[in-house]
Amino acid sequence: MTQYIIRRVMQAIPLLFLISVFVFFLIRQAGDPFAGRILEAGTSAEDLSRQRRAAGLTDPVWLQFIHWYLGDDWYQRDLSGDGEPDTFGRRQGILRGDLGVSVQRNEPVVKTIRRFLPWTLLLGATALTTTIVFGVAIGMLASLRPYSIFDNIVTTLSFVTFSTPIFLIALLSVFIFSVKFREWGLPYLPTGGTSDWRAGGATFGDVAQRLILPTVSLAAIQIAAYSRFIRASMLDVLNSDYIRTAHAKGLKRRRVVMLHAFKNASFPLITLVALDIPVFLSGAVVTETIFSWPGMGKLFIDSLNQLDPPILLAFTLFVALTVVTMQLIADIVYAWVDPRVRYT
Amino acid sequence: MSKAIRLAVLSSLLIIVTSLSGALAVRAQQSTLVIGFSQEPPNLFPLNNLAYGGLLENFYVRNLWEFDVENTAYPVMATEIPSEENGRVVFTEDGDTAVTVTLREGMLWSDGTPITAADCEVWHTIRSDSSTSASVNRAAYPSAVSSFEIDAEDPLTFTITYNGLFPDYVGANERAECQYPGHIFGPMIEDGGVLEDNDYFLGGADFDGLKTVGYGPYAMESWDIGSVATFVRNPFWDGPEPAWDRVVVPFIAESAQMRNALQQGEIDVAFNWGDDQFDNYASIADVEVFNVPSVFADALWIRSGELGNSDNHGGDALMDVSVRQAIAHAIDRINLAEELVAPGIPVPPAWYPSQFWPDDLVFLEYNPDGARALLDEAGWVETGAPLIDGGDGVRAKDGVELSNLRLVSTQDELRNNYQIFIQDYLAEIGIGVDVQIIPATTLFASFVDGGTLTNYEWDLAVFAYSVNPLTPVGIPTAFGCEGVPTTDNPDGFNPWQFCDPEYDEIDRLLANTLPGPEREELTHEAVRLHTDFAFWNGLRTRVTWYAVYDTVVNPESVAANVGALSSNWFAMIELWEPAG
């Protein structure tokens, strides 16, 4: 097991490096983070030039990549513009745990991520839990009565939900549960944010209330996918010989379904959940933007709009690292719960 | 399921339901104004110079003088606006301009510290010395200012001396800045510190529970980055008392959600929303909608020089002013502004602000026959098949077709609509246009970064280039011959290649000529030359939209007390009145 983990970690290093190279040069091609500022009154060419030099954007691209990895605190730049290098950089590089400084926020990227990640963790965990609970329950119920009215309704709804863009689900949910419910005199939900803006502060109730619509939006499509997956998996298992044997032995149906059928049908769910965790952790770009939820997805889209390369790079690395880690964890857990799987 | 688990689940559900029902109850806060912003500034850094960068500062800083909706200056921190008449502007024996400012007595920062000229000196240091910060936009300040002196006998009086004759000391970008507290900012830069590194600019400081120190009606109480900023009354503010105890600014990027939030009463004012949302906001009961012209105007820019010419894109056609005028005449710009934006949106005839226009300034009106005549006269005659039904045949001259002109813009629904209509209008007179949408970070990038404009990979463009409405002096790097970007001049930003030595000379003179008839005539001549070149053709004055609940705020008081300089929208919020 230990050897297996070490081998997988070693394999992940070149993969992450390749991803970082690809992403770095891709983002570098996205243009100049300071470009739009030239259109503002009061910005001189000298100002822009100095800001570009300070951000290291005037260095050769290969050197910028090295600085991103190793830092630039050993490298002098000409910040005064007199042609003579005069100022050492202040970055330490990602290998020393420094993800750089946001060019738009003037803040260490680590600190920025620390602001936004907790909100994404909250929304992601809630949405993932909701997805698993409802997806599994609906999938199981549908599989126990295949081709029944309930199963057909679930199947139809799953396909409709799965085919609907998330922004439409989000805006529709606001329109119905917020706008229309208010019109109809029913208790309604707020349109977005994390707190009651007028009252100030964020109580548990405020947050919980504002968590509902983004959670529903995020989970709806995933529930559709999970329920289809569990249904198919359960149907496979329910037709197995050992299930028939269990029934023949006189075990209660509930015990057969929960202990024998669901346990085996749920093994592939581990992979599904493990692959979804990075998706939830990286934030939901559309959902967080629509609901003004200050998570990683919103940070990503804001940074993309403003072109903030250090944040975009850190975000991408974070996602890549999470995917690799979760895949490794999924493999380990899979083998742990299913003794038939062996490491080679 | 065991009893314990059932109990835990039930308890959790009970807690959630209880908290939800509590939160769903209506909370009436009589003294809170909620203003929805579509864009959140990246930081509080002074003069980061993003158009929306100073939005939050509007609540907690004020200037020596401010500008009202008519862009007329009125004193705020200063006792009076300096002028030759009141003896505060003096021309020295060396030919320099000495401007003396006296601060009003008794002003205090929001932490109770007295405001003195020493505060202004700290900001002078920051603007003069690039080692204090890389990110401050200093513009011409370091070269324009020769000295800053505090009066030896009056700690509230200081004198700034500008090199040579300097007429624009009142202008927004050259006024002496006293917005920031020296006792806070000074220590940040002592011992070689760099200003922008400080947590202060991200709401990380603490001054008795407040996050900023300033001189304004409010002070920042909290800033949940990515979510909401809250301001409370500044107890040391000596100006007019603002009507609300708190101002809350949630950041709502999604346009439909901003509208929903207003309709739900979660916000009282929706600010700076898109032009295409007019009908949506106007249809909300009790909501009044209005706009204020900004300093931006979207225009059709035409690449007018030889750099970038190619037979695949009309050859040298655009170097001919007749062709450029024909393009302007071919587009019904007034109708487009009415139809695509909103009724009454003005179409400016010149890049310069209206107060600098000469009486004889000509707007190139919609006149497709006139456009055809100009093209015929210039030798660009119909040759090929029509580009659209009923349109002229594609025009050509010496075997080069006037087609495939690259019409570029950023990704913006309104601008992209404009592109399509312009394509149609030009097709009618036989000019072929290829519409391209390019990210702003590439379109406006510098020469070395492969910018579309600066590398001449365009022929026509739709975007706005902001103007300083307080001075007739142009922007040499954008409109001077010295600004044409090349390998030898990679920092230049005159990709339209407007290069007229006579204009350059007039612009230089303007920067050193005092207000009066001579300056006025120079200004008019500069505007004429700039406009006659027909490389800039106004499409619409960009406006800032407000939607205001008239049951909460008096809309007239808002409309009369918002700034129009794109940096001072809320600089008079203390004059906003509650409804009724």
Side-chain angles (χ1 to χ4, degrees), chain A residues 30-33 35-54 57-58 79-80 102 104-107 115-116 171 174-175 178-179 182 187-188 190-200 203-206 208-209 289-292 294 298-299 302 306-307, chain B residues 16 19-20 22-24 27 29 32 34 42-43 45 49-51 130 134-135 137-140 173 196-197 201-202 224-228 230 246 248 250-254 256-257 260-261 263-264 266-267 295 439-446 449 451 463-468 477 491-493:
Chain A
D32 174 7
R37 295 189 186 186
I38 192 70
L39 304 179
E40 311 282 355
T43 305
S44 64
E46 291 75 23
D47 289 333
L48 273 179
S49 186
R50 186 183 59 250
Q51 287 165 19
R52 287 193 181 108
R53 287 197 301 271
L57 294 173
T58 51
L79 284 197
S80 60
S102 156
Q104 307 292 358
R105 295 171 189 273
N106 289 333
E107 181 182 47
R115 289 181 194 281
F116 287 81
L171 288 175
V174 172
F175 182 69
S178 190
V179 178
R182 184 170 186 246
Y188 57 92
T191 57
T194 55
S195 63
D196 182 339
W197 297 322
R198 203 172 293 280
T203 63
F204 173 77
D206 284 337
Q209 193 184 356
T289 304
I290 287 179
F291 291 103
S292 305
K298 189 166 185 300
L299 174 66
D302 286 351
Q306 298 169 343
L307 189 56
Chain B
I16 291 170
S19 59
L20 283 183
L24 281 165
R27 293 173 186 167
Q29 293 289 330
T32 298
V34 187
N43 55 51
F45 195 66
N49 220 34
L50 296 169
S130 64
S135 301
N137 283 307
R138 295 179 171 84
N173 292 306
E196 60 260 44
D197 275 0
F201 303 112
L202 289 159
D224 299 326
I225 291 177
S227 185
V228 63
T230 304
R246 298 164 69 241
V248 179
F251 305 107
I252 308 169
E254 219 286 318
Q257 282 290 66
N260 286 334
Q263 189 175 14
Q264 295 297 87
E266 293 171 12
I267 60 175
V295 295
T441 49
T442 303
L443 185 65
F444 304 120
S446 66
D449 276 317
F463 65 91
Y465 191 150
S466 73
V467 59
N468 181 347
T477 50
D491 287 338
F493 195 72

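Per chain, numbering begins at 1; letters A, B, ... match sequence-line order.
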Enquirer: For B:Ser446, what residues pass the side chain to side chain donor-acceptor pair (under 3.5 Å) criterion, not counting sequence neighbours?
Expert: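 Partners of B:Ser446 by the side chain to side chain donor-acceptor pair (under 3.5 Å) criterion, ordered by chain and then number, come out as B:Asp449.
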Enquirer: Measure distances from B:Phe201 to the heavy atoms of chain A and classify the residue's part below 4.5 Å as side chain, backbone, both or neither.
Expert: neither
Enquirer: Given heavy-atom pairs under 4.5 angstrom as the criterion, report whether the side chain, backbone, both or neither of A:Arg52 touches chain B.
Expert: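 Answer is side chain: those atoms of A:Arg52 sit under 4.5 Å from chain B.
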Enquirer: Judged by atom type as modelled, is there a donor-acceptor pair below 3.5 Å linking the side chain of B:Ser227 to the main-chain atoms of A:Pro294?
Expert: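 Checked: no pair found.
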Enquirer: For chain B, which of A:Ser102, A:Ala35, A:Gly31 has the most heavy-atom pairs under 4.5 Å?
Expert: A:Ala35
Enquirer: Quick one: are A:Ser178 and B:Gln264 in side-chain contact, heavy atoms under 4.5 Å?
Expert: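 Heavy-atom side-chain distance check passes, below 4.5 Å.
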Enquirer: Count the heavy-atom pairs under 4.5 Å between each of A:Leu48, A:Leu307, A:Val179 and chain B, then report the option with the highest count.
Expert: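 Of the options given, most contacts go to A:Val179.
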Enquirer: Heavy-atom pairs under 4.5 Å with chain B: which of A:Arg182, A:Lys298, A:Arg115 has the most?
Expert: A:Arg182
Enquirer: Measuring heavy-atom distances to chain A, does B:Leu443 have an atom under 4.5 Å in its side chain, in its backbone, in both, or in neither?
Expert: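 No part of it gets close to chain A.
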Enquirer: What part of A:Arg105 lies closer than 4.5 angstrom to a heavy atom of chain B: side chain, backbone, both or neither?
Expert: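 Interface part for A:Arg105: both.
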Enquirer: Looking only at heavy atoms, which two atoms of A:Tyr188 and A:Gln209 are closest? And how far apart?
Expert: O-NE2, 4.0 Å
Enquirer: Is it the case that the side chain of B:Arg246 and the backbone of A:Arg198 share a donor-acceptor pair, with hydrogens and angles ignored and the cut-off at 3.5 Å?
Expert: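 A pair under 3.5 Å: yes.
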Enquirer: Any donor and acceptor pair, going by atom type alone, linking the side chain of A:Asp206 with main-chain N or O of A:Thr194 inside 3.5 Å?
Expert: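 Judged by distance alone, no pair lies under 3.5 Å.
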Enquirer: Only pairs of heavy atoms separated by less than 4.5 Å count here; which of B:Ile267, B:Leu202, B:Thr230 has the most with chain A?
Expert: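 Result: the option with the highest number of such pairs is B:Leu202.
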Enquirer: At a heavy-atom separation under 4.5 Å, does B:Phe493 approach chain A through its side chain, its backbone, both, or neither?
Expert: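 Side chain of B:Phe493 only, per the 4.5 Å heavy-atom cut-off to chain A.
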Enquirer: Determine whether a donor-acceptor pair (N or O, by modelled atom type, separation under 3.5 Å) exists between the side chain of A:Gln306 and the backbone of A:Gln104.
Expert: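 No, A:Gln306 side chain to A:Gln104 backbone: no donor-acceptor pair under 3.5 Å.
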Enquirer: So which of B:Pro250, B:Ala440, B:Ala445, B:Ala261 has the largest heavy-atom pair count under 4.5 angstrom toward chain A?
Expert: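 That would be B:Pro250.
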Enquirer: Less than 4.5 Å to any heavy atom of chain B: does that hold for the side chain of A:Val174, its backbone, both, or neither?
Expert: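 Just the side chain, heavy atoms under 4.5 Å.
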Enquirer: Determine the option with the most heavy-atom pairs under 4.5 angstrom with chain B, choosing from A:Asn106, A:Thr289, A:Thr58.
Expert: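 Looking at each of A:Asn106, A:Thr289, A:Thr58 in turn, A:Asn106 comes out on top.
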Enquirer: Tell me, please, which residues at least two apart from A:Arg50 pass salt bridge (charged side-chain N to carboxylate O under 4.0 Å, His left out).
Expert: A:Asp47
Enquirer: Between B:Glu266 and A:Thr191, is any side-chain donor less than 3.5 angstrom from a side-chain acceptor?
Expert: yes
Enquirer: If I measure from the heavy atoms of chain B, does A:Phe116 come under 4.5 Å with its side chain, its backbone, both, or neither?
Expert: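 It is the side chain, since no backbone atom gets that close.
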Enquirer: Side chain, backbone, both or neither: which part of A:Ile290 has a heavy atom under 4.5 Å from chain B?
Expert: both
